[in-house]
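Everything below concerns the one structure shown next.
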Amino acid sequence: MSFINKNINESYNFKFLIYFMFKQIFTVAILITVLMISCNNSTNQTDQNTINSKQEKWWKEAVVYQIYPRSFMDSNGDGVGDLKGLTGKLDYVKSLGIDIIWLNPIYSSPNADNGYDISNYDDIMKEFGTMDDFNVMLAEMHKRGLKLVMDLVVNHCSDEHEWFKQARSSRTNPYRNYFHWWPAEKGKPPFRPGSFEVDGSGWRFDSLTNSYYLHYFSYKQPDLNWENPKVRSEIFAMMNRWFKKGVDGFRMDVIPFIAKDTTFPVITQKELDKKYEGRWDVYMASGPGLHQYLREMNEQVLSKYDVMTLAEGAGTTKSTAMLLVDPERKELDMSYHFDGVSLGYVPGYFKKMNPNWNLVDFKKIYSDWDSVFAEKGWGTIYLGNHDQPRMVSRWGNDAPEYREASSKMLTTFLLSMRGTPFYYYGDELGMTNIKFDKIEDYRDIETLAEYAKIKNAGGDLKQFIEDQKTGGARDNGRTPMQWNAEANAGFTTGIPWLKVNENKSEINVEAEEKNDNSPLKYFKKMTGLRKDHKDVLVYGKYTLLDKDNPDVYAYTREANGKKVLVLLSFRKNGGSFQLDKMQLGEEWINNMQPLQVKENIISLKPYQACIVELKN
Ligand code: TEU
Ligand code: CA
């Protein structure tokens, strides 16, 4: 019995031992598994976090092509570009390798400021066509996989908009409060600048109701009162209507200007200098309501669609830009700054460009802005648009021997930086400033107003005309697209609304399609490269190298163990770059082969640009 018992006991003990061992192993295994899962989870969590903050989005990977519709293609010979004309050119646009078209305003407008003065947000400008033309155009874009971003101009409308006609009719009209008024019995309103006005004032006296109204731009562009909830809901409803039609986003004109201090305090120059670096655009914008308005907009409109939004960042700075685009704040997606395009102006003159602008400062601006969005948010990059002269004339060199090289170099820059590139129509051809010799050739309200100001002050008008040739005159960037070498560059059979550049005989789509070395072909290569290497060229980390080099802009982009060196000569004397321990690998692109390397020094030819892989 005992034996049996013993046996039983022993066998019991043995079984227990086995059971115990298994249990231990099992527990340890479970513990390890649990630990592993939790570890894994936490790495997943961090990965998730970094992915979240750098979340991939179609609008981050896109190249945006900006079209100034007035100047792209005229279909009916009235000298003004139109929607039908544009629709007919969509195969060309698609062939560029771009993804999104941003169209300047095409809504009904009396055109005091070429569509930035809207008289009806729900209709198409007569000169541009009809709503049917719009529907066809949008369908044709979508058919080709192109998205459409419209311009949203809601800081102001036109004085010919029904809202303003009503508002000005009497002080008790229900629309009165859609705008900002200053009753004349209170005396003159405190100074606010009005761009595009010869007297420089942002207030205009309206005798009908013995009041002044506010207009940050011309008197034909009265500012809307965003403090009025009715204004906000009208605008949100209008945006919803356009999104329901299928548009893919909005570029928001001077959006920080919608919120301002409407007690209109007097500000001294000293205060302006001290608190706002002397910048009116900062002082007049980004008022307390701004982020509330944008969050409402996001909630009531933007969050309902997969769309892209871009703040034209007038009045924002590096420290306030993130407030607009931090994804967690649920406002907008991207913004664009003016620091880059404001560089090099001679103080005290209207957009007079210093020909010896400083490349070191240029690099610092773009590098600092890259770091603003390094962890979250997303930036943009551009060198030209409808408010700027042509990029090759301003930042490159439009002399015949350097024009092609320097425009390719600038294209390399724009398409190899982090941030969504905004590329202006015609820059792919290397189109240049038109450099008008007489004021009669200009059409732009801004240039005409500045000219009149100088004339009234008895200033140097000749000098002004000279300065506008390289500096800022906006019409330099608005001349008709150069399709071929024929009369009016194939843009119109009539008289173009703005003169066509004489250099159309060499600089045009037809000629550049035939030439494998043209800026046009180069642009297509660059859009392809950005797509093929989106990990590095879109999302990759950016690092500035050799920051004090006065001639060369050098940086690396890297991701997932891959790293490239971007070298850009911004000067007609070329420039050099010290490789140190860097080992060059495969060349991705080069606007002027070969790359000269001797004893670890790369010598760049004038305006040479290349992207080359680094082995270490
Ligand atoms: O421009 C905004 C702006 O800040 C302008 O003052 C711009 O800096 C100016 O054109 C530079 O000379 C936007 C539009 O892009 C512009 O075309 C409009 O004229 C303006 O708003 C008013 O809507
Ligand atoms: Ca037309």
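FYI, side chains are in, hydrogens and waters are out, and symmetry mates aren't considered; it's all heavy atoms of this structure. Ligands are counted one by one from 1 in listed order, and the atoms in each one are counted from 1 as well.
Closest protein heavy atom to atom 5 (C) of ligand 1: F217 CE2, 4.0 Å. If you check which protein heavy atom lies closest to atom 10 (O) of ligand 1, you get R474 NH1, 2.7 Å. Among protein heavy atoms, the minimum distance from atom 13 (C) of ligand 1 is reached at D253 OD1, 2.8 Å. For atom 7 (C) of ligand 1, the nearest protein heavy atom (residue, atom name, distance) is D387 OD2, 3.9 Å. The protein atom (non-hydrogen) at minimum distance from atom 18 (C) of ligand 1 is D113 OD2, 3.3 Å.
A ring-centre distance under 6.0 Å is found for Y283 and Y276. You'll find the ring centres of Y175 and F164 outside the 6.0 Å limit. Aromatic pair Y107/W242: centroids less than 6.0 angstrom apart. Proximity of the aromatic rings of F179 and W226 is defined here by a centroid distance below 6.0 angstrom, and this criterion is not met. Checked against the 6.0 Å centroid threshold, Y345 and W357 do not count as a close aromatic pair. In summary, the aromatic rings of Y216 and W280 are positioned with their centroids too far apart to meet the 6.0 Å limit. For F362 and F413, the ring centers are positioned less than 6.0 Å apart.
Here G85 fails the criterion, with no N, O or S atom under 3.0 Å of the Ca ion (ligand 2). Counting backbone and side-chain atoms alike, T492 contributes no N/O/S atom closer than 3.0 Å to the Ca ion (ligand 2). Residue E127: no N/O/S atom is found under 3.0 Å from the Ca ion (ligand 2).
With a 4.0 Å heavy-atom cut-off, ligand 1 is reached by the side chain of R251 but not by its N, CA, C or O.
With the Ca ion (ligand 2) as the vertex, atom OD1 of D78 and atom OD2 of D82 span an angle of 170° (nearest 10 degrees).
Here the side chain of N488 pairs no donor or acceptor atom with the backbone of G490 at under 3.5 angstrom. With D475 contributing its side chain and R478 its backbone, the two residues share no donor-acceptor pair below 3.5 Å.
When you scan the N, O or S atoms of D74 for the one nearest the Ca ion (ligand 2), you land on OD1.
Atoms of ligand 1 lying under 4.0 Å from any heavy atom of H156, numbered from 1 in the order shown and given with element: 22 (C), 23 (O). Atoms of ligand 1 lying under 4.0 Å from any heavy atom of K351, numbered from 1 in the order shown and given with element: 11 (C), 12 (O). Near H386, meaning under 4.0 Å from any of its heavy atoms, are these atoms of ligand 1: 14 (C), 15 (O), 16 (C), 17 (O). Within ligand 1, counting atoms from 1 as listed, the ones closer than 4.0 Å to a heavy atom of F338 are 8 (O).
Between the side chains of N120 and S108, no donor-acceptor pair is found at a separation under 3.5 Å.
Across all non-hydrogen atoms, the minimal contact from G79 to D74 is N-OD2, 2.8 Å.
At least one heavy atom of E312 sits less than 4.0 Å from an atom of ligand 1. Residue contact check for ligand 1: F196 places a non-hydrogen atom closer than 4.0 Å to it.
Considering backbone and side-chain atoms alike, E446 places an N or O below 3.5 Å from some N or O of ligand 1.
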